[in-house]
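A quick write-up on the structure given underneath.
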Amino acid sequence: MQIKSLEQYEESYKKSIENPEQFWGEVAQNFRWRKPWYKVLSWNFEEPNIKWFEGAKLNITENCLDRHLEHSADKPAIIWEPNDPEQDSVTLTYKMLHEAVCRFANVLKRNGAQKGDRICIYMPMVPELAIAVLACARIGAVHSVVFGGFSAKSIADRINDAKCKLVITADGVYRGAKPIPLKDVIDDALIGCPTVEKVIVLTHVRTPVSMLKGRDVWWEDEVKHVNAVCEAEEMDAEDLLFILYTSGSTGKPKGVVHTCGGYMVYAGYTFSNVFNYQPDEVYFCTADIGWITGHSYIVYGPLSQGATTLIFEGVPTYPTPSRFWDIVEKHKVNILYTAPTAIRSLMSFGDEPLEGKDLSSLRVLGSVGEPINEEAWHWFDEKIGHGKAPIVDTWWQTETGGIMISPIANVTKTKPSYATLPLPGIQPVLVDENGVEIEGNDVSGNLCIKFPWPGMLRTTYGDHERCRQTYFSTYPGMYFTGDGCLRDEDGYYRITGRVDDVLNVSGHRIGTAEVENAINMHAGVVESAVVGYPHDVKGQGIYAFIIYPNHHQDADLTKKDILQTVTRVIGAIAKPDKILFVSGLPKTRSGKIMRRILRKIAEGETSNLGDTSTLLDPAVVDEIIEAAKNKQ
Ligand code: PRX
């Protein structure tokens with residue numbers, strides 16, 4: 001299944017386009033199925049209705065666990081590196097992980113969970129998070145992991161949207177020096193979540209928590225009451241595996257739905273190929289399991305391939321900015337997959353944190369989540385890979401389930417800040433604003449995909465029409481990614497960033513409308529408009545223009561209050577980096593905010609704002625420019 005040369009890539013690619021069903025049917029043979037499919041693919045992008053491996057039966061955990069027991073039972077499946085470097089790391093072999101998953105699956109059943117139930121997981125980056133995810137999959141429950149940085153309100157919205165029956169959480173999480181409560185946040189969230197019947201709480205940081213009688217139970221107690229035998233539930237290839245909420249251009253995050261069969265095949269195939277994973281290698285992805293990268297490339301992809309996956313609880317700069325490099329040295333990491341924002345942040349500390357660190361085990365480097373600028377690419381290449389480890393700049397999305405456009409390690413010639421070529425099975429097209437395909441090379445346009453792939457989303461939970469409208473209606477007959485892209489003279493792809501109202505802050509997707517809604521909840525705010533601007537470390541920063549008539553009384557305090565409101569409503573990740581109080585916003589006569597102008601002002605541009613003649617009140621722009629200048 002592994003591509004080893006450019007010729008093989010070209011051959012596979014050609015085959016995957018000419019005969020996708022045969023191609024994916026063969027790839028799927030590398031997985032364990034209880035019953036084979038009768039049809040590899042049926043699809044239309046109009047509804048959309050996409051089915052892969054129809055009729056097939058499987059359980060993804062048999063692929064991630066059981067099938068490795070025969071030959072690799074004692075191989076490390078998970079290495080856990082805690083936040084505190086003084087604390088011992090933990091290794092779980094495939095046998096141990098299998099046992100832990102089966103045991104916890106029985107705990108879920110004991111607490112009333114059944115196939116098809118939705119379960120919300122809000123946990124730190126500990127092995128038990130992976131165990132919880134896999135235990136859900138084991139019994140056919142649908143997991144909805146919510147990143148630990150989201151607020152109570154965000155959790156409640158997600159729990160209610162999916163009508164979750166259970167919540168799995170921990171007392172708290174260590175992030176850097178201080179423990180942060182998690183169970184408290186869940187308690188606040190659950191005030192408004194009538195569907196939740198049980199909460200399972202893991203002890204981790206040992207902060208006191210209050211347990212609600214009849215609802216809350218301790219993980220440690222529960223596992224004592226069950227055994228470690230749990231037959232995997234037989235799932236249909238198109239049964240739901242998980243929901244993962246992600247931001248779009250509207251104020252309400254969407255529950256992206258992935259299903260069992262196609263997702264498994266795609267995550268496993270892309271993991272094995274893109275990183276060129278070799279048996280016995282240690283693979284370290286620094287993402288959080290709360291995001292799609294963690295789902296596909298910490299848990300399902302690596303484990304389905306029998307890999308050793310490293311889970312790190314902490315942050316790159318604690319206790320020092322050498323932390324990643326210490327981990328690489330300590331665990332002899334061979335493959336390191338991280339985000340441009342982390343690279344830029346570590347780069348800013350200079351060479352000192354790298355001194356004396358043995359990074360010679362590194363064979364492949366990866367980047368994900370946002371465009372990687374050339375400076376960061378070269379630093380990663382030279383200082384971390386010592387010019388010997390290829391960088392795979394992997395472009396993909398929550399919705400795509402797995403990597404779509406990326407170099408294949410040791411196969412594709414890399415080029416700084418280019419995601420390079422589509423993986424087999426992926427048919428990218430660039431289109432102009434009328435939806436006309438732009439052919440040839442040295443062109444740019446909006447990035448669409450014109451043929452299904454097994455890992456693609458099937459729907460948005462509870463609202464199929466929203467899925468159709470968001471992804472399949474802008475350019476009929478194609479999946480629209482929301483990204484702008486160029487194709488150079490060699491046919492290499494470079495992603496230039498979002499073309500919709502979605503921001504990418506430190507690799508986190510945040511909708512401008514979501515942030516505006518949160519700001520507008522603050523008493524005293526009349527209206528707001530949020531745009532992104534280039535930020536040295538985060539990639540994009542958040543710039544908020546806010547109409548707040550009484551801000552003069554104490555502008556700094558008001559700003560603090562507003563930031564607090566955003567933290568309460570969404571989470572700290574959505575806090576604006578800059579706030580500018582204005583008396584009006586540039587609107588067209590029909591009342592639409594002209595963000596283009598605000599974006600330019602946020603970038604520091606004061607002239608060349610483009611056509612402002614359609615504005616209702618062009619004088620507003622001068623006022624904003626003046627206010628922005630005074631602020632600097
Ligand atoms: O804009 C693209 C950017 O991240 C978006 C997807 O975000 P999310 O669903 O949170 O998934 C992130 C992890 C897969 C895309 O629409 N993006 C992701 N990878 C890259 C990228 N932009 C440029 N280069 C990449 N390698």
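- Listed by first and then second residue, the salt bridge (Lys or Arg N to Asp or Glu O under 4.0 Å) pairs involving residues 360-369 are Glu281-Arg363 (not counting sequence neighbours).
- Between the side chains of Asn276 and Gln278, a donor-acceptor pair is found at a separation under 3.5 Å.
- For the atom pair OG1 of Thr414 and CG of Asp393, the computed distance is 9.5 Å after rounding to the nearest 0.5 Å.
- Side chains of Tyr337 and Ser367: a donor-acceptor N/O pair is absent below 3.5 angstrom, by distance only.
- Side-chain contact between Ile403 and Tyr269 is absent, with no heavy atoms from C-beta onward closer than 4.5 Å.
- Considering all non-hydrogen atoms of both residues, Ala389 and Asp381 come closest at O-OD1, 4.1 Å.
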Side-chain polar contacts of residues 282-296 - donor-acceptor pairs under 3.5 angstrom, sequence neighbours left out - could you list them?
residue : atom : partner : partner atom : Å
Tyr283  : OH   : Tyr297  : O            : 2.6
Thr286  : OG1  : Thr338  : OG1          : 2.8
Asp288  : OD1  : Gly290  : N            : 2.7
His295  : ND1  : Ile289  : O            : 2.9
His295  : ND1  : Trp291  : O            : 3.1
Ser296  : OG   : Tyr263  : OH           : 2.8
Ser296  : OG   : Gly401  : O            : 2.7

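- Here the straight-line distance linking atom CZ of Phe312 with atom NE2 of His331 works out to 9.5 Å at 0.5 Å rounding.
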Residue pair Ile624, Leu580: steps toward the side-chain contact (heavy atoms from CB on, under 4.5 Å) verdict: CA-CA 8 Å; Ile624 298 177; Leu580 187 69; 4.1 Å; yes
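- Taking 4.5 Å as the limit, some side-chain heavy atom of Val333 sits within range of a side-chain heavy atom of Leu362.
- For Phe53, the ring-ring contact (aromatic ring centres under 6.0 Å, His included) partners two or more places apart in sequence, or in a different chain, are Trp33, Trp37.
- Taking all atoms of both residues into account, the shortest heavy-atom contact from Asn504 to Gly369 is ND2-O, 2.7 Å.
- The stretch residues 532-543 participates, sequence neighbours left out, in these salt bridge (Lys or Arg N to Asp or Glu O under 4.0 Å) pairs: Lys538-Asp577.
- For the side chain to side chain contact (heavy atoms under 4.5 Å, CB included) with Pro390, the qualifying choice from Ile408, Asn410, Val411, Thr412 is Asn410, the only one to do so.
- Residues Ile625 and Leu609 are in side-chain contact: their nearest non-hydrogen atoms beyond the backbone lie under 4.5 Å apart.
- Only one option out of Gln540, Glu514, Arg509 pairs with Val502 in a side chain to side chain contact (heavy atoms under 4.5 Å, CB included); it is Arg509.
- A salt bridge is absent between Lys600 and Glu603: the closest approach of a Lys/Arg side-chain nitrogen to an acidic carboxylate oxygen does not fall below 4.0 angstrom.
- Between Asn446 and Tyr475, the side chains place a donor N or O and an acceptor N or O closer than 3.5 Å (distance only, hydrogens not considered).
- Remark: Lys14 NZ to Ser16 OG distance equals 11.0 Å, nearest 0.5 Å.
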Derivation of the side-chain contact (heavy atoms from CB on, under 4.5 Å) call for Trp396 and Thr270: CA-CA 11 Å; Trp396 59 295; Thr270 51; over 6 Å; no
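- Heavy atoms from other residues, nucleotides or ligands lying under 6.0 Å from NZ of Lys357 number more than 12.
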Table please: side-chain donor-acceptor pairs of residues 424-436 below 3.5 Å, with sequence neighbours left out.
residue : atom : partner : partner atom : Å
Asp432  : OD1  : Asn434  : N            : 2.9
Asp432  : OD1  : Gly435  : N            : 3.1
Asp432  : OD1  : Val436  : N            : 2.9

Steps toward ring-ring contact (aromatic ring centres under 6.0 Å, His included) verdict (Tyr543, Phe545): CA-CA 7 Å; Tyr543 199 127; Phe545 297 85; 4.6 Å; yes
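- One finds a salt bridge joining Arg595 and Glu516 here, because a Lys/Arg side-chain nitrogen approaches an Asp/Glu carboxylate oxygen to under 4.0 Å.
- Met594 has its side chain within reach of Thr614: a pair of non-hydrogen atoms, C-beta onward, lies under 4.5 Å apart.
- Distance check, rounded to the nearest 0.5 Å: CG of Asn517 to CD1 of Ile570 gives 8.0 Å.
- Applying the ring-ring contact (aromatic ring centres under 6.0 Å, His included) criterion to Tyr418, with sequence neighbours excluded, gives no partner residue.
- Atom CD of residue Glu26 and atom CG of residue Asn19 lie 8.5 Å apart, to the nearest 0.5 angstrom.
- For the atom pair Trp379 CH2 and Leu346 CG, the distance stands at 5.5 Å (nearest 0.5 Å).
- Scanning for salt bridge (charged side-chain N to carboxylate O under 4.0 Å, His left out) contacts around Arg344 gives Glu370, with sequence neighbours left out.
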Just list the side-chain donor-acceptor pairs under 3.5 Å for residues 477-492, sequence neighbours left out, or say none.
residue : atom : partner : partner atom : Å
Tyr479  : OH   : Gln397  : OE1          : 2.7
Thr481  : OG1  : Leu447  : O            : 2.6
Thr481  : OG1  : Asp483  : N            : 3.0
Asp483  : OD2  : Trp395  : NE1          : 2.9
Arg487  : NE   : Gly440  : O            : 3.0
Arg487  : NH1  : Tyr493  : OH           : 3.0
Arg487  : NH2  : Ile438  : O            : 2.8
Arg487  : NH2  : Gly440  : O            : 2.8
Asp488  : OD1  : Asp490  : N            : 2.8
Asp488  : OD1  : Gly491  : N            : 3.1
Asp488  : OD1  : Tyr492  : N            : 2.8
Asp488  : OD2  : Lys415  : NZ           : 2.6
Tyr492  : OH   : Lys413  : O            : 2.5

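- Using a cutoff of 4.0 Å between basic side-chain nitrogens and carboxylate oxygens, Glu399 and Lys254 are not scored as salt-bridged.
- Between Arg458 and Lys51 there is no side-chain heavy-atom pair separated by less than 4.5 Å.
- Evaluation of the side-chain contact (heavy atoms from CB on, under 4.5 Å) rule for Ala339 yields Thr341 as partners, not counting sequence neighbours.
- Side-chain contact check for Asn44 and Glu47: at least one donor-acceptor pair (N or O, by modelled atom type) lies under 3.5 Å.
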Test side-chain hydrogen bond (donor to acceptor under 3.5 Å, both in side chains) applied to Arg468 and Thr459, step by step: CA-CA 8 Å; Arg468 190 191 67 78; Thr459 187; over 6 Å; no
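- Looking at residues two or more places apart in sequence or on another chain, you find a ring-ring contact (aromatic ring centres under 6.0 Å, His included) between Phe45 and Trp43, Phe472.
- Leu41 is not listed as a side-chain neighbour of Trp24, based on a closest heavy-atom distance of 4.5 Å or more.
- Checked against the 6.0 Å centroid threshold, Tyr266 and Trp52 do not count as a close aromatic pair.
- Nearest heavy-atom pair, Thr309 versus Pro302, reported as atom, atom and distance to 0.1 Å: CB-CB, 4.0 Å.
- Sorted by first and then second residue, the pairs that involve residues 435-448 and meet salt bridge (Lys or Arg N to Asp or Glu O under 4.0 Å), not counting sequence neighbours, are Glu437-Lys450.
- Using a cutoff of 4.0 Å between basic side-chain nitrogens and carboxylate oxygens, Arg323 and Glu81 are scored as salt-bridged.
- By the side-chain contact (heavy atoms from CB on, under 4.5 Å) test, Glu374 is found to be paired with His378, Pro416, Ser417, Arg494, residues two or more places apart in sequence or in another chain being considered.
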